[in-house]
A.B. asks: 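Sharing a structure with you now.
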Amino acid sequence: ETSQTEIIFLDSREIIITDSTFNGAIPDTETTYQNMQKNVLQKMGRKTIFVAQGYIAADDKGRTTTLGREGSDYTAALFAAGINADCCEIWTDVDGIYFADPRILPQAKKIEEILFADASRLAEAGAKILFPKTLYPVKEKAIPVFIGSSIHPEKGGTWILPETKKGRDLNILGITFHERVEAFRLLAKEGDESFKKIERNLKALQALKKIFPVFAEKLAGHYLLVTKRPQIEDERLLDLFRQFSTPEAYPHLVLMSVIGKNLAPFELALQKNLEEWKQRFFELSWVKKESVIHQFLILQTHLTEFAQVLQ
């Protein structure tokens with residue numbers, strides 16, 4: 001038996017087979033996993049290292065495709081799932097998942113261990129370290145994921161686990177921020193004919209909700225539209241509503257999401273302090289309220305102070 005390490009180069013385009021969506025291809029996991037079994041597991045020795053590219057794949061005609069945003073992390077998750085790995089390690093420029101973005105809230109605490117369901121919830125709410133589709137393959141196979149810093153590996157990281165011993169015993173899992181948003185309140189009041197026309201045209205809005213984030217919620221008898229900026233699609237949406245209403249703009253806002261397992265205690269605290277918090281923080285009240293996520297629009301200048309209150 002040789003003592004030397006064998007390094008095998010893999011062309012990801014021969015392993016990961018996708019459809020023909022060239023900037024966000026969807027893998028054919030059945031074929032992809034079969035390729036991984038054949039080209040990785042069957043060739044794996046005690047001292048074998050496989051090297052493959054992230055982000056790229058190929059369709060069934062052999063044409064190069066790409067996996068879209070965070071495609072390299074997604075590639076790692078696919079390989080881990082395809083060979084039923086013991087774990088999947090993702091090395092990036094940050095040392096784990098934090099309660100909040102430490103660039104905005106420097107004293108934010110790192111989460112050492114978190115459940116897949118909770119990590120997915122944070123990702124879907126916009127946690128910058130995670131992208132929702134990255135977790136799908138490993139979550140399906142219950143493969144633990146470690147996120148650590150390639151710059152400072154000594155700082156440890158965060159484990160995303162099917163089951164956890166050290167999970168945060170808190171109702172609030174974390175908070176996320178979208179800093180480049182604008183809000184428009186449509187000055188058509190509920191009951192007006194123009195308001196009814198807006199409601200009839202919400203099917204067009206539903207199609208645009210796929211462009212993240214776009215929200216339209218009723219607030220104090222008006223429709224509130226929140227959009228990411230800048231976006232061409234926003235203009236299409238505003239043009240639609242300008243037919244029926246005069247939009248009132250609210251620039252310089254942050255869309256803050258509070259994510260939790262059970263936000264009922266937070267909602268009680270919110271109701272108790274709402275008037276004070278409105279005077280201190282909010283330009284407008286919440287945009288969206290569900291059992292596991294509350295979203296607020298606040299002025300950028302108040303972001304850090306309000307985040308400290310939540311932590």
Side-chain angles (χ1 to χ4, degrees), residues 6-44 48-97 101 103 116 119-120 122-153 157-160 176 178 180 210-213 228 231 233:
E6 182 183 16
I7 299 176
I8 298 177
F9 173 78
L10 300 173
D11 187 339
S12 293
R13 295 169 295 183
E14 297 175 359
I15 306 292
I16 302 174
I17 307 303
T18 70
D19 65 6
S20 300
T21 308
F22 291 98
N23 195 28
I26 299 173
D28 174 351
T29 52
E30 182 177 355
T31 302
T32 295
Y33 292 169
Q34 287 174 357
N35 289 341
M36 290 173 179
Q37 296 278 329
K38 177 181 176 181
N39 292 280
V40 179
L41 276 186
Q42 292 181 16
K43 297 178 180 179
M44 186 177 290
T48 307
I49 295 175
F50 293 88
V51 179
Q53 314 95 327
Y55 186 67
I56 64 171
D59 65 9
D60 58 4
K61 297 180 177 62
R63 297 175 296 183
T64 299
T65 58
T66 56
L67 298 177
R69 184 180 171 191
E70 302 300 333
S72 292
D73 292 350
Y74 192 28
T75 301
L78 286 168
F79 268 101
I83 65 170
N84 294 305
D86 292 334
C87 71
C88 174
E89 296 182 1
I90 295 176
W91 295 92
T92 180
D93 59 346
V94 293
D95 59 318
I97 302 171
D101 188 337
R103 292 170 296 185
F116 266 118
S120 297
L122 287 174
E124 287 162 4
K128 291 184 174 64
I129 196 172
L130 294 168
F131 198 61
K133 71 178 182 183
T134 302
L135 295 177
Y136 293 158
V138 283
K139 182 180 178 181
E140 188 178 43
K141 296 284 190 81
I143 296 170
V145 176
F146 178 79
I147 296 176
S149 168
S150 57
I151 303 169
H152 298 289
T158 297
W159 280 100
I160 304 174
T176 63
H178 290 282
R180 294 178 59 80
K210 296 177 182 177
I211 305 161
F212 183 80
K228 190 176 179 180
Q231 251 178 58
E233 289 83 358

A.B. asks: Under the 3.5 angstrom rule, does the side chain of Thr18 hit a backbone N or O of Ile26 as a donor-acceptor pair?
C.D. replies: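 Between the backbone of Ile26 and the side chain of Thr18 there is no qualifying donor-acceptor contact (under 3.5 Å).
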A.B. asks: When you measure from the side chain of Thr158 to the backbone N and O of Ile97, does any donor-acceptor pair fall under 3.5 Å?
C.D. replies: yes
A.B. asks: Any heavy-atom pair between the side chains of Ile160 and Lys139 that's under 4.5 Å?
C.D. replies: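 Result no, sub-4.5 Å side-chain heavy-atom pair not found.
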A.B. asks: Any chance you could measure Thr66, atom OG1, to Asn23, atom CG, to the nearest 0.5 Å?
C.D. replies: 4.5 Å
A.B. asks: Check Leu78 against Pro27 and note the closest heavy-atom contact, atom names and distance.
C.D. replies: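 Closest approach of Leu78 to Pro27, heavy atoms only: CD1-CG, 3.8 Å.
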A.B. asks: Can you name the closest pair of heavy atoms from Ala77 and Val138 and give their distance?
C.D. replies: O-CG1, 3.7 Å
A.B. asks: Quick one, His152 with Asp95, criterion side chain to side chain contact (heavy atoms under 4.5 Å, CB included). Give me CA distance, side-chain angles, the key distance, then yes/no.
C.D. replies: CA-CA 7 Å; His152 298 289; Asp95 59 318; 5.7 Å; no
A.B. asks: Please examine the side chains of Gln53 and Asp11, heavy atoms only from C-beta on, and report whether any two atoms are closer than 4.5 Å.
C.D. replies: yes
A.B. asks: I want to check something: taking the side chain as every heavy atom from C-beta on, are Thr48 and Phe50 in contact at a cut-off of under 4.5 Å?
C.D. replies: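 A side-chain contact exists here, since the closest heavy-atom pair is under 4.5 Å.
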A.B. asks: Could you walk me through whether Tyr55 and Tyr74 pass the side chain to side chain contact (heavy atoms under 4.5 Å, CB included) check?
C.D. replies: CA-CA 8 Å; Tyr55 186 67; Tyr74 192 28; over 6 Å; no
A.B. asks: Atom OG1 in Thr92, atom CG in Asp73: separation rounded to 0.5 Å?
C.D. replies: 6.5 Å
A.B. asks: Using 0.5 Å steps for rounding, measure from the CD1 atom of Ile15 to the OH atom of Tyr33.
C.D. replies: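 With rounding to 0.5 Å, CD1 (Ile15) is 13.5 Å from OH (Tyr33).
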A.B. asks: Got a second to check how far Leu135's CG is from Cys88's SG, nearest 0.5 Å?
C.D. replies: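 Answer rounded to 0.5 Å: 9.0 Å.
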A.B. asks: OG1/Thr32 to CE/Met36 distance, rounded to the nearest 0.5 angstrom?
C.D. replies: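 One gets 6.0 Å once the value is rounded to the nearest 0.5 Å.
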A.B. asks: Using 0.5 Å steps for rounding, measure from the OG atom of Ser72 to the CD1 atom of Ile90.
C.D. replies: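 Here the interatomic distance stands at 10.0 Å.
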A.B. asks: What's the verdict on side chain to side chain contact (heavy atoms under 4.5 Å, CB included) for Asn84 and Gln37, showing C-alpha distance, side-chain angles and the deciding distance?
C.D. replies: CA-CA 9 Å; Asn84 294 305; Gln37 296 278 329; 4.0 Å; yes
A.B. asks: Apply side chain to side chain contact (heavy atoms under 4.5 Å, CB included) to residues Phe79 and Leu10 and explain how you reach the verdict.
C.D. replies: CA-CA 11 Å; Phe79 268 101; Leu10 300 173; 4.2 Å; yes
A.B. asks: Could you check Asp59 against Thr65 for side-chain hydrogen bond (donor to acceptor under 3.5 Å, both in side chains), going step by step and ending with a plain yes or no?
C.D. replies: CA-CA 7 Å; Asp59 65 9; Thr65 58; over 6 Å; no
A.B. asks: Heavy-atom distance under 4.5 Å between the side chains of Thr64 and Phe22, does that happen here?
C.D. replies: no
A.B. asks: Taking all non-hydrogen atoms of both residues, which atom of Trp159 and which atom of Cys87 are closest, and how far apart?
C.D. replies: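 In terms of heavy atoms, the two residues are closest at CZ3-CB, 4.0 Å.
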A.B. asks: Under a 4.5 Å cut-off applied to non-hydrogen side-chain atoms, are Met44 and Ile83 in contact?
C.D. replies: yes
